[in-house]
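This report concerns only the one structure given below.
Counting begins at 1 with the first residue of the sequence. For ligands, and for the atoms within them, numbers begin at 1 and follow the listed sequence.
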Amino acid sequence: MDRLDLIIRSRKVVTPEIIGPACVHIRNGIIVALSEWDEVLEPEVPLVDAGEAAVMSGLVDSHVHVNEPGRTRWEGFATATRAAAAGGVTTLVDMPLNSIPPTTTVSGFQEKLVAANGQCFIDTAFWGGVVPGNTSELIPLLDAGVRGFKCFLIHSGVDEFPHVGEENLREAMPELEKRGSVLLVHAELPGPIEKAAEELKDENPRAYETFLKSRPRESENKAVELMIRLCRTTVARVHIVHHSSSDVLPLLKAAREEGLLLTVETCPHYLTFAAEEIPDGATHFKCCPPVRERENREKLWEALKEGVIDMVVSDHSPCTADLKLMERGDFLEAWGGIAALQFTLPAIWTEAQKRGFDLKELSCWMSEAPARLAGLDKRKGKIAVGFDADITIFEPEKEFKVVPEIIEFKNKITPYEGMNLRGVVKATFVRGRKVYENGQFVGKAAGNLLTKL
Ligand SMILES: [Zn+2]
């Protein structure tokens with residue numbers, strides 16, 4: 001038998017079944033065995049003893065806008081994947097829009113792969129996009145290695161990624177169904193938002209309340225209803241991204257009980273912040289759909305507990321400072337998107353532990369479920385024999401303050417700035433190789449582009 005490369009042990013190894021003392025044995029980047037804590041069979045093998053810190057699966061963040069090529073001033077593969085590694089994320093899946101070109105054609109995808117090549121500190125996969133008129137590109141994009149597709153039901157914020165209507169989806173979804181692929185949907189419909197815009201013409205654009213009213217729940221509710229209907233009739237897999245409105249949680253629950261192939265994500269900002277607490281002019285809190293009221297937030301937590309919401313991913317969507325209009329504080333004109341890739345694990349842990357959840361549940365929401373969504377679940381998303389040794393050493397009792405000096409993503413604007421968060425990422429391993437430890441990066445950018453599995 002070949003020698004092991006590394007053993008990582010701790011009193012708190014987090015697997016889908018237990019949190020307890022164990023050794024994780026690693027060879028060629030794969031977890032080859034789990035053993036008792038004191039069962040270090042090969043004493044000459046390097047041993048990382050994490051002590052009382054948690055040893056958990058690296059996060060799989062299936063919702064990241066890297067924006068390269070084309071909007072590399074907003075973010076890029078080097079900075080995004082460093083921020084991810086510093087946050088305990090070991091795989092990210094890049095969104096098809098905000099880069100130029102968008103990932104809606106095979107040639108666009110190839111440009112993205114060229115841009116990403118050699119820059120990634122962690123493993124990186126890609127979503128394609130469904131836009132009007134690109135149905136013939138969908139299967140070729142899958143063949144080229146995208147993990148599924150994203151679409152918008154409302155203006156996406158960038159003109160080169162137009163939104164789709166029901167007609168377009170009735171054409172595209174059966175195509176995806178042929179391959180068992182998944183459609184990720186930005187679920188807001190334009191009707192209620194256009195109506196609200198009319199009514200809000202004279203309201204103060206610096207007030208968060210004005211922004212909240214400009215993206216009414218009705219818009220999300222109607223979009224989710226539409227997607228449930230399309231999921232039922234086309235039998236294609238549907239995934240609702242960044243879900244915010246609690247109104248439709250009962251509908252989503254019923255759809256799941258009916259056996260529809262429907263999954264749902266929410267994001268740390270919806271689970272952390274509350275509309276009542278967002279100051280006027282604080283456009284770094286702007287995202288679409290918006291952060292809603294406190295009572296809405298608590299219902300999202302309930303839905304996570306019940307399994308109606310499957311996962312928590314960042315929706316890291318940064319931009320340059322000028323586009324956030326921080327001085328004017330105009331919520332209606334500012335770019336909508338929250339940057340937080342590096343802080344999703346401690347942000348969620350800070351809130352989750354207050355509500356009685358443990359790291360097993362966190363791992364399920366932030367590693368296992370997103371890996372399954374992206375079809376990476378044979379290799380990624382949990383500490384188990386045969387899986388990639390993607391591991392985060394996390395100190396759940398420690399606290400830290402979010403200050404610009406520690407932020408690794410390119411534009412250091414985040415609503416988490418100034419907050420004290422619970423849980424410190426001490427080290428991150430990708431396929432058994434240490435990439436980050438105690439605030440420092442280790443080695444070169446050796447992340448894989450996951451186009452072939
Ligand atoms: Zn997004």
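Ring geometry for Trp301 versus Phe357: interplanar angle under 30°, hence parallel rather than tilted (30 to 60°). A tilted orientation is assigned to the rings of His242 and His63, their planes being inclined by 30° to 60°. In this pair, Phe343 and Phe409 present their aromatic rings perpendicular. The plane angle is above 60°, beyond the 30 to 60° band.
With a 6.0 Å cutoff to the six-membered ring centre and a 45° limit on the axis angle, Arg82 counts as a cation-pi contact of Phe121.
Protein N, O or S atom count below 2.8 Å of the Zn ion (ligand 1): the structure gives 3.
A donor-acceptor pair under 3.5 Å is formed between the side chain of Trp349 and the backbone N or O of Pro396.
Here the two rings, on His316 and His65, have centers that are 6.0 Å apart or farther.
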